[in-house]
Amino acid sequence: MTQDRLNLKLIRDLRASWRQFLSAGATVFLGTAIFIASSASYKNLVFSYQESYRKLNFMDFSIKVARAPRAVVARIRNIPGVRAAEGRLNQDIEVEQKRSQARKIIGRILSLPRHGKPSVNSLLVAEGAGFSEKGGPQVLLERTFARYHKYLVGDRIYPIASGYRIPFTVVGMVSSPEYIWVMRNREYIMPDPEVFGVLFVPEDEAHRLLRKPGTINEVLVCVDDTSVRPRVMLQSRRILAPYGIVEAIPREQQPSHELLDKDLQSFRALSFLFPFFFFTISGLSIYALLNRMLATQRPLIGILMAMGFPKQRILRHYLGFAVLVGLVGSLPGLIAGHFLGAASTRLYVSVLGIPYVAIRIHEGDLLVGLVLGLASTVLAGIFAVLGIQRLRPVEALYSEVSAKGRRPILEKLLPALSRLPFFWKVPLRNFFRSPRRTLFSVFGVAASVALNLMSLSFFDSNRKAIDHYFSRMLNYDLRVVFMTPQAGRWVHLVSRWPGVKKAETLLELPVKLERRGQTVSTLLFGAHPGGTMVLHYDKEGRVIELGKEGIVLGPIVKEKLDLEPGNSFLLSAPEKEGTRQFRHRVRFSREYYLPVGTGISWDLEEVRKTFKQELDLPSGALNSILLRTEEGYQGGIRKRLYGLPGVAAVIVLSDVKRQVDDLMKLFNVYLGIMFLFSAALAFAIVFGTTTMSILERSREMATLSTLGAPISWLLKSISVENGIIWALGFLAGIPLGRLLAHFMIAAYKSDYFWLEMVISLKSYLFAAALSLLVTLLAQLPALSYVRNMNLETLTRERSA
């Protein structure tokens, strides 16, 4: 009977405080939903990658050599612990197209068995079929490239090798586990399907095309267990050493896998940080709500104690309120989080084209989400009701009375405030009336602002990196890429064409850097010291001139090799068939800001002199020409450039930037979701605290109204008070947001990206405007309550 009465009281309390109840439940809902969504998205992506790698037998390591006989693969297969080994040809060549503006591209030829699937790095055929015996030379195209250029089954594409242009028929479009993120190499990490594509051809056709019968230059290996991989890799290197090892790459360093894994690590950090904020705030919300309820119901608690109700039972009664908030918020949050996680996974997969998608229900996360949702409210409830244990019935029978006439500390410190008009004095004093409620309101706005600033800093930092790269470092319109180094006469010829403002030479070589056991494979760019089309800037934004005294490099390489200006390291070109590899000791001169990639730069003449003999470079060697063109001439110049001998591709810088901007759209969707969540968070908190404040002061407002204060005066007073809360919350949110942004940008740094944390003035203004708008909207229900309150009932509330 006693318990039934307490349950009835709980129901009545819920009815009386339904607005605050829903507000507190909303924060639990948001925290649970974002925890489940972010955790599910992360795990779905991990499982999708794992499923794709497992079904397509993604390599555990690969070793590239200059040239080796096909029979060497059998020796590697016989190494204990090897599950599968596959040999292939891997070579970049010129490829001509008929249907695209990019008439020539750089094509990566990868050989496959004509019959059956390769035992390592198999393919998923998305359209068309595999190879057949009839129909002449055939090719499977990587599907990102095929879709970009709108290839259909039956179309022709024309690889060029040894001066011959050979037609290949497209028989299908495929996905590959090593090209989920399609990148040429570590330096060119952004997918660029306009000028780079992967072509899979039958092994016999590859031998004829590349003039390398019976040979391979790459071995891919899968092992039985990762624990044996170091031993197997070492034995494989010994077998392949006589054939000139160019590079050996474990799975973790395979470019596509490594970049995706770094992205997942950043995603994992996000999946912890955001839910932590929402759960913390939901706990504070229920704590503030229960504190108010206990303060207003102290006499009732005293009566219950006097009637013989045990304190433990009263305590459990009020804790039931916290449990209900946790259940009402977390249960629908689990459902919403699952579907939001599935939707974000599908969006991510659609952009990347992951071969196999795994969207699952993660029971463990659902249980953790439920526990966290309940724990955030129950713990807050326990702290709120602990005061019941210290109450005696006689004390509890009397409501707490605040000291009358006590001026806020701010008025004591600033006496001029006490002379403010009554309209300004009331909201200022209300601000100090309930410090805990005020601090909670300020913290809620600050947390929302901080989340917005953190999200916006990602956008600003990425935008700064992109703008720096495309608008400051690179200042050309067209870049002509030759397949092999050419004589310098071509740049003089092209510079005289109509519409060409300026032409500069660039020599780009793949190199390996070594120091103290650490190695970095990257690209060395040789440029003219006085050139203007590729500029290098230090951290202070000053242009660095290339000189003969040493190499300039970016922060990623500097940190990996632990270099300081003046230190030296070893520089070598990849070993090639029939050549001897040299290791040159060079000096590190200056660091320049390079947000993307690991490229290093040196004086062009020094690069030519250093590598002329071992690479047999022609006089005035170049493999790229950078062009600045006059308006209206670009299309014609581009077509004419394709006619130069040895041209592999013509890159339009504006097209590359547009593709990067398209990739940023996925990031913008993420930003939009975070804005919605942070806005909902601020709304729930401001709504709950404003409503709580109005209910506490309802009799006071009714009394002021009966004494002649207009309702409009009361509404403005409430708005002023919320405005002060918003201003303080915004100011507190700025350092918190910057701290979170630093944390997230640091987590995002990798061997591919080096972002500097930036928050623009526009972002601060946007965060301020958004939080202010949410604050104004959240107070509307409370203002409506004041406008429609029953004055007679409220003024008689105490005596009743």
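As the structure is a computational prediction, the values presented were derived from the model and not from experiment. No hydrogens, no waters, no symmetry mates; every other heavy atom, side chains included, goes into these values.
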Side chains of Val246 and Asn217 in contact at under 4.5 Å (non-hydrogen atoms): no
Any donor-acceptor pair under 3.5 Å from Arg83 side chain to Cys222 backbone: no
Pair Glu218 + Lys212, salt bridge at N-O below 4.0 Å: no
Heavy-atom side-chain contact between Arg67 and Ile216 under 4.5 Å: no
Backbone N/O of Trp181 and side chain of Ser256: donor-acceptor pair under 3.5 Å: yes
Candidate pair Arg587 and Ser568, rule side chain to side chain donor-acceptor pair (under 3.5 Å), full reasoning: CA-CA 4 Å; Arg587 181 172 169 270; Ser568 63; over 6 Å; no
N/O donor-acceptor pair under 3.5 Å between Ser461 side chain and Phe458 backbone: no
Chi angles and distances behind the side chain to side chain contact (heavy atoms under 4.5 Å, CB included) call for Leu755, Asn462: CA-CA 7 Å; Leu755 299 182; Asn462 276 286; 3.9 Å; yes
Side-chain heavy-atom pair Ile245, Val65 within 4.5 angstrom cut-off: yes
Donor-acceptor pair between Arg583 and Ser572 side chains, under 3.5 angstrom: no
Atom of Leu615, atom of Ala573 and distance for their closest heavy-atom approach: CD2-CB, 4.2 Å
Close side-chain approach of Pro595 and His468, heavy atoms under 4.5 Å: yes
salt_bridge(Arg88, Glu178) N-O dist < 4.0 Å: yes
Min side-chain heavy-atom separation Tyr469-Leu594 under 4.5 Å: yes
Phe611 vs His584, ring-ring contact (aromatic ring centres under 6.0 Å, His included): CA-CA, chis, key distance, verdict: CA-CA 9 Å; Phe611 293 100; His584 310 274; 5.2 Å; yes
Distance (rounded to the nearest 0.5 Å) between Leu617 CG and Leu509 CG: 6.5 Å
Test salt bridge (Lys or Arg N to Asp or Glu O under 4.0 Å) applied to Arg114 and Glu205, step by step: CA-CA 9 Å; Arg114 180 176 285 275; Glu205 295 290 351; 3.6 Å; yes
Spacing of Ile239 atom CD1 and Leu234 atom CG [to the nearest 0.5 Å]: 10.0 Å
Test side chain to side chain contact (heavy atoms under 4.5 Å, CB included) applied to Val198 and Leu110, step by step: CA-CA 7 Å; Val198 182; Leu110 298 178; 3.7 Å; yes
Note, Thr215 side chain near Leu89 side chain (heavy atom, < 4.5 Å): yes
Residues Asn44, His362; criterion side chain to side chain donor-acceptor pair (under 3.5 Å); working and verdict: CA-CA 9 Å; Asn44 286 340; His362 307 281; 2.9 Å; yes
Interatomic spacing from CD in Glu94 to CZ in Phe482 - rounded to 0.5 Å: 9.5 Å
Carboxylate-amine/guanidinium proximity below 4.0 Å for Glu127 and Arg147: no
Residues Arg108, Asp92: salt bridge by 4.0 Å N-O rule: yes
Any side-chain heavy-atom pair of Phe131 and Leu140 under 4.5 Å: yes
Neighbour count >12 (heavy atoms, 6.0 Å) for atom CZ, Arg237: no
Nearest heavy-atom neighbours spanning Ser457 and Ala741: OG-CB, 3.1 Å
Closest approach of Ala68 to Tyr243 (non-hydrogen atoms, all atoms of both residues): CB-CG, 3.7 Å
Exercise: do Glu142 and Ser176 side chains pair donor with acceptor under 3.5 Å: no
Glu514 atom CD: more than 12 heavy-atom contacts under 6.0 Å: yes
Check against salt bridge (Lys or Arg N to Asp or Glu O under 4.0 Å), Arg251 and Asp60: CA-CA 5 Å; Arg251 175 189 284 196; Asp60 287 304; 3.8 Å; yes
His536 versus Ser601, side-chain donor and acceptor atoms under 3.5 Å: yes
Spatial distance of atom CD1 (Ile249) from atom CD1 (Ile63) [nearest 0.5 Å]: 10.0 Å
Shortest non-hydrogen contact between Arg70 and Gly87, atoms and distance: NH2-O, 3.8 Å
Residue pair Tyr356, Arg54: steps toward the side chain to side chain donor-acceptor pair (under 3.5 Å) verdict: CA-CA 10 Å; Tyr356 294 96; Arg54 182 184 63 81; over 6 Å; no
Full working for side chain to side chain contact (heavy atoms under 4.5 Å, CB included) between Arg479 and Leu506: CA-CA 10 Å; Arg479 179 182 176 188; Leu506 191 68; 3.8 Å; yes
Smallest separation among heavy atoms of Glu86 and Pro113, with atom names: OE2-CG, 3.8 Å
Rounded distance [0.5 Å steps], CG in Leu513 versus OG in Ser521: 8.0 Å
Straight-line distance of Phe525 CZ to Ile600 CD1, nearest 0.5 Å: 9.5 Å
Residues Glu508, Ser624; criterion side chain to side chain donor-acceptor pair (under 3.5 Å); working and verdict: CA-CA 7 Å; Glu508 172 188 316; Ser624 285; 4.5 Å; no
Cationic tip of Arg585 above Phe569 ring, under 6.0 Å, 45° of axis: no
Check against ring-ring contact (aromatic ring centres under 6.0 Å, His included), Tyr53 and His257: CA-CA 10 Å; Tyr53 292 158; His257 173 78; 5.4 Å; yes
Flag for Asp365-Ser39: side-chain donor and acceptor within less than 3.5 Å: yes
Phe145 and Ile157: CA distance, side-chain angles, deciding distance, side chain to side chain contact (heavy atoms under 4.5 Å, CB included) verdict: CA-CA 12 Å; Phe145 169 80; Ile157 192 168; 4.1 Å; yes
Short side-chain to backbone donor-acceptor contact, Asp562 and Lys558, under 3.5 Å: no
Closest non-hydrogen atom pair, Met183 against Leu259: SD-CD1, 4.4 Å
Any Phe61 side-chain heavy atom under 4.5 Å of Gln253 side chain: no
